[in-house]
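Worksheet for the structure shown next.
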Amino acid sequence: MYELPTYTKIWRIVQLIPFGKVASYGQISDLAGLPGRARLVGKSLSCVPEGMSLPWYKVLRSNGQIAFPVGSAQSQKQIGLLEQEDIFVFNNRINLKIFLWHPDLHELLWKLEY
DNA sequence: ACCTTGACATTGG
DNA sequence: GCCAATGCCAAGG
């Protein structure tokens, strides 16, 4: 049983964030079996191949903030995509009490078997 | 092989 | 709240 490349593991977790929910960089790294490597999640998302479908915009900082600079084109694009899932952004921040993903770990492992 | 770069997280003041 | 310091480590140059 060989290990998937780090970025591939991360992308596969991000793919499982359900509609209308968000996750944090640290949460994704934990779920990918890479605790303490939140920065690699950000790096991996900046390396997503062109044309690969991935809900990158649902990954936020641990406090619910959007990671891109306020007012940047990337931030505005992210806000638009979030609102398409009825995830609302105020002052560059999402309310995690409402929108944070709480995955069922058994179900998650099962889905990763594919 | 060394150095730098990150869409981060946590802690302590 | 804010800021600075520290830890993290795969990838790319």
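Every chain is numbered from 1, with letters handed out A, B, ... down the list of sequences.
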Minimum-distance nucleotide to A:W56 side chain [options: B:dA7, B:dC8, C:dC9]
B:dA7
Contact summary for A:S75 and A:G71, nearest pair of heavy atoms
OG-N, 4.2 Å
Closest-nucleotide mapping onto DNA chain B: is A:L60 or A:K43 further toward the 5' terminus? I mean the 5' end.
A:K43
Could you tell me if the side chain of A:V59 sits less than 4.5 Å from the side chain of A:V14, heavy atoms only?
yes
For the side chain of A:R39, starting at C-beta, report the closest nucleotide among B:dA7, B:dC8, C:dA10.
B:dC8
Determine whether A:P49 and A:W11 make a side-chain contact, defined as any pair of heavy atoms from C-beta on separated by less than 4.5 Å.
yes
A:P103 and A:L31, any side-chain heavy atoms less than 4.5 Å apart
yes
Tell me: CG of A:L40 to P of B:dA9, nearest whole Å?
12 Å
For DNA chain C, whose closest nucleotide is more 5', that of A:Y7 or that of A:G36?
A:G36
Interatomic distance where CG belongs to A:L34 and C1' belongs to C:dA11 [whole Å]
14 Å
Rounded distance in Å - NZ (A:K9) to P (C:dA11)
10 Å
Verify the contact: side-chain N or O of A:S62 to OP1 or OP2 of B:dA9, cut-off strictly under 4.0 Å; return yes or no.
yes
Could you check how far CD1 of A:I66 sits from P of B:dC8, rounded to whole Å?
12 Å
Considering just the side-chain nitrogens and oxygens of A:S46, establish if one lies under 4.0 Å of OP1 or OP2 belonging to B:dA7.
yes
With side chains defined as the heavy atoms from C-beta onward, is the minimum distance between A:L60 and A:I66 less than 4.5 Å?
yes
Atom CZ of A:R93 to atom P of B:dC8: distance rounded to whole Å?
14 Å
Look at the side-chain N and O atoms of A:R61 and state whether any lies under 4.0 Å from the OP1 or OP2 oxygen of B:dC8.
yes
Could you state the atom-to-atom distance from NZ of A:K58 to C1' of B:dA7 in whole Å?
17 Å
Rounded to the nearest Å, what distance is computed from the CG atom of residue A:L31 to the P atom of nucleotide B:dC8?
18 Å
Return the pairing partner of C:dC8 with a 3.5 Å limit on both distances, Watson-Crick or G-U wobble; otherwise return none.
none
Rounding to an integer number of Å, can you tell me how far A:D30 CG sits from B:dA9 C1'?
10 Å
Ignoring the backbone of A:Y25, work out which of C:dC8, C:dA10, B:dA7 is nearest its side chain.
B:dA7
